[in-house]
Novice: 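First, the structure itself, so that you have it in front of you.
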Amino acid sequence: MTTPYGAPQAPQSDQAPQYYGAPVEDPGKTLGIVGFVLAFVFAVAGIVVSAIAKKKSREAGFDNQLAKWGLILSIIFTVLGAIGWVVYIIAFAALAASGELSSY
């Protein structure tokens, strides 16, 4: 085909333009962030939320690093907190047994 001026015309396609869908987002991303923050604030809740986020991300085929680190840090802080409470109870019991702990 040519235009009225003799220049060749580009062939026209019958196909509709193709649009790409919205990018797929990690379903556990927000929970991973929340779990990571909870690791520093309330470690037991951080374990639960991070584990849920990690599971949701894994099922969708994503690697959620914040959920993984939130889970690791939550476990570490929970263990350190438990050790701290045990040391506190032992020290309190030792002071009470030695008589150093008295009420005036």
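Sequence positions, counted from 1, serve as the residue numbers for this chain.
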Novice: Determine whether more than 12 heavy atoms belonging to other residues, nucleotides or ligands lie under 6.0 Å from atom CZ of Phe40.
Specialist: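 Check passes, neighbour count above 12.
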
Novice: If only atom types and distance count, is the side chain of Ser50 paired as donor or acceptor with the main-chain N or O of Ile47 below 3.5 Å?
Specialist: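 Not a single qualifying donor-acceptor pair exists.
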
Novice: What's the separation between atom CD1 in Ile76 and atom CG in Leu71, rounded to the nearest 0.5 Å?
Specialist: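 Between Ile76 CD1 and Leu71 CG, I get 10.0 Å after rounding to 0.5 Å.
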
Novice: If the plane angle is over 60° it's perpendicular, under 30° parallel, otherwise tilted; pick one for Phe92 and Tyr88.
Specialist: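 Plane angle under 30°, so parallel.
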
Novice: Is it true that Val34 and Phe77 fall in one hydrophobic cluster, defined by side-chain heavy atoms closer than 4.5 Å?
Specialist: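 No; Phe77 is not reachable from Val34 via cluster members.
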
Novice: For a quick test of reading the model, state the closest non-hydrogen atom pair linking Ala53 to Gly28 and the distance between them.
Specialist: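 In terms of heavy atoms, the two residues are closest at CB-O, 3.5 Å.
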
Novice: Can you run down the salt bridge (Lys or Arg N to Asp or Glu O under 4.0 Å) pairs that involve residues 30-56, sequence neighbours left out, and say none if there aren't any?
Specialist: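 Passing the test, one end in residues 30-56: Lys55-Glu59.
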
Novice: Treating Ile, Leu, Val, Met, Phe, Trp and Tyr as nodes and any side-chain heavy-atom pair under 4.5 angstrom as an edge, say whether Leu38 and Ile52 lie in one connected cluster.
Specialist: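 Yes, Leu38 connects to Ile52 through the hydrophobic network.
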
Novice: For residues 63-72, which residue pairs pass the side-chain hydrogen bond (donor to acceptor under 3.5 Å, both in side chains) check, not counting sequence neighbours?
Specialist: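 Found Ser57-Asn64, Asp63-Gln65.
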
Novice: In the single-linkage hydrophobic clustering (I, L, V, M, F, W, Y; side-chain heavy atoms under 4.5 Å), do Val87 and Val79 co-cluster?
Specialist: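 Looking at the clustering, Val79 is in the same group as Val87.
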
